[in-house]
2 protein chains.
Amino acid sequence: MNDELLRVLSRPPRERADAARNRARVLDAAARLFTEGGVEALTVDAVARAAEVGKGTVFRRFGDKSGLVAALLDERERRLQERIVFGDPPLGPGAPARDRALAFFDAYLTHLADHLDLVRLSETAAPGARYRVGSYVFWHRHLAILCADRPDPDHLAHVMLGMVDADLNAELREHGYSWDRIRAGVAAAVGALFGPTAAP
Amino acid sequence: MNDELLRVLSRPPRERADAARNRARVLDAAARLFTEGGVEALTVDAVARAAEVGKGTVFRRFGDKSGLVAALLDERERRLQERIVFGDPPLGPGAPARDRALAFFDAYLTHLADHLDLVRLSETAAPGARYRVGSYVFWHRHLAILCADRPDPDHLAHVMLGMVDADLNAELREHGYSWDRIRAGVAAAVGALFGPTAAP
DNA sequence: AACATAACCGGACCAGAGTCCGTTTGTCTA
DNA sequence: TAGACAAACGGACTCTGGTCCGGTTATGTT
């Protein structure tokens with residue numbers, strides 16, 4: 001019984017083969033449905049049907065709809081995360097914090113422009129969904145570290161991320177804002193929030 | 001037929017008596033349900049039943065659930081709006097723009113703290129709901145005017161209002177942020193966004 | 001007072017998210 | 001290879017927001 005204990009403690013609860021297969025099927029089906037019919041076609045029932053899987057399976061694997069969509073975005077976001085951690089400055093390590101933050105928002109807005117509908121769906125599918133998705137936590141920590149010398153970095157990071165809220169930006173777009181205009185506004189605000197540049 | 005034209009042009013499409021009566025009943029029932037069972041008890045069916053009114057009536061009067069909740073908040077918000085337009089400085093006219101903005105956020109955060117659940121409900125009931133509610137438009141215009149001399153006042157106003165997003169602040173509260181901490185963070189950010197104070 | 005009509009009413013109906021639970025299946029041990 | 005059991009399965013079910021439409025009623029005109 002001792003080795004059972006050991007097993008339990010050390011086991012990173014591996015995913016069963018059928019579970020993994022179904023995760024892939026669901027993700028696949030979701031991606032297909034989205035490219036075919038846009039965000040409108042992306043209902044949980046339709047995804048389950050297209051994946052030839054029960055609806056319960058979708059929820060067990062992804063928690064809720066917002067989780068499913070987040071998983072759909074995961075690969076793209078992971079790429080951006082890697083560029084932040086390992087990539088070249090100014091996005092990656094090495095550049096001054098302010099420049100890194102500006103580079104981040106520039107890159108993130110590109111991501112947002114490319115996937116506005118999906119990001120919006122994942123952020124509005126449930127109240128508070130935005131702040132629980134793994135990637136939000138990543139962006140938040142990154143920014144909080146970048147402005148570590150400000151009074152409340154944690155809060156400031158949330159405030160900054162508010163500027164790239166998908167719902168807000170979708171609304172701005174509908175009101176005729178160009179992405180360039182949004183980019184400029186965000187850059188200006190980020191600059192201001194980082195405080196005045198050290199005068200030469 | 002000329003006076004018919006006149007009538008049509010001048011008529012502010014008055015509300016029928018039964019319509020007005022039902023609006024009051026619904027609002028009443030909603031308020032009662034909320035004080036009794038909190039935001040959880042506030043389903044459209046329950047409201048309609050409590051108001052002894054068909055469900056369709058609720059939707060015809062208020063558009064959607066978020067509209068109903070917004071109407072519930074309307075009175076309180078109207079009071080704040082009056083203080084902004086007619087009240088004493090620094091909230092009302094007369095104080096420097098920066099001070100007025102700071103006073104606004106302070107007052108708004110008080111409002112938010114008092115009605116967090118309702119505001120959150122009205123903002124998350126539907127995607128984009130937040131930006132369509134009348135009061136948001138009011139706050140936005142007010143702020144945009146206050147920072148009229150900045151490069152993109154319209155966008156900047158949206159950014160600032162992002163800091164008092166109900167969903168965000170509900171999340172912050174759940175993570176243990178005190179309202180004082182939030183207040184301080186918002187004040188600092190608003191100050192920074194208004195640019196450095198003119199040095200004496 | 002009778003009429004015309006536009007606004008309003010109610011509740012049956014629909015769609016989509018999320019839950020539940022009896023059944024099946026993968027995996028690990030003996 | 002047989003057996004035990006946790007994990008996963010699937011689809012019927014519930015709950016809630018929102019739509020629709022045939023019938024009703026307030027209102028203003030004649």
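Naming convention: chains lettered A, B, ... in sequence-line order (proteins, then strands); numbering from 1 in each chain.
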request  = Mark yes when over 12 heavy atoms from residues, nucleotides or ligands other than B:E174 sit less than 6.0 Å from its CD; otherwise mark no.
outcome  = yes
query = What pairs with A:A41 under side chain to side chain contact (heavy atoms under 4.5 Å, CB included), at least two apart in sequence or on another chain?
reply = none
Within 6.0 Å of CZ in A:R141, more than 12 heavy atoms from elsewhere = no
message = Can you tell whether the side chains of B:E171 and A:R130 come within less than 4.0 Å, N to carboxylate O?
response = no
message = Whole angstroms only, please: what is the CZ-C1' distance between A:R16 and C:dG26?
response = 4 Å
query = In whole angstroms, how far is the P atom of C:dG11 from the CD atom of B:E52?
reply = 11 Å
ask   = OP1 or OP2 of D:dC9 less than 4.0 angstrom from a side-chain nitrogen or oxygen of A:N22, does that happen here?
value = yes
ask   = Roughly how many Å is it from CG in A:D18 to P in D:dA6, rounded to a whole number?
value = 16 Å
key: Residue list, side chain to side chain donor-acceptor pair (under 3.5 Å) with B:R173, at least two apart or on another chain   = none
Parallel, tilted or perpendicular: rings of B:Y108 and B:W139 (30°, 60°) = perpendicular
message = In this structure, how many angstroms lie between the P atom of D:dA7 and the CZ atom of A:R23, rounded?
response = 15 Å
remark   = Contact check, residues 53-69 of chain B vs DNA chain C, heavy-atom distance under 4.0 Å, returns B:V53, B:G54, B:K55, B:G56, B:T57, B:R60, B:R61
Set of side chain to side chain contact (heavy atoms under 4.5 Å, CB included) partners for A:A19, sequence neighbours left out = A:E15, A:R16, A:R61
query = Once you round it to whole Å, what is the distance between P of D:dG17 and CG of B:L121?
reply = 9 Å
remark   = Taken in chain and number order and not counting sequence neighbours, the residues that satisfy side chain to side chain donor-acceptor pair (under 3.5 Å) with A:E77 are A:H111, A:S135
Residue-level proximity of residues 39-51 of chain B to DNA chain C when a heavy atom falls under 4.0 Å = none
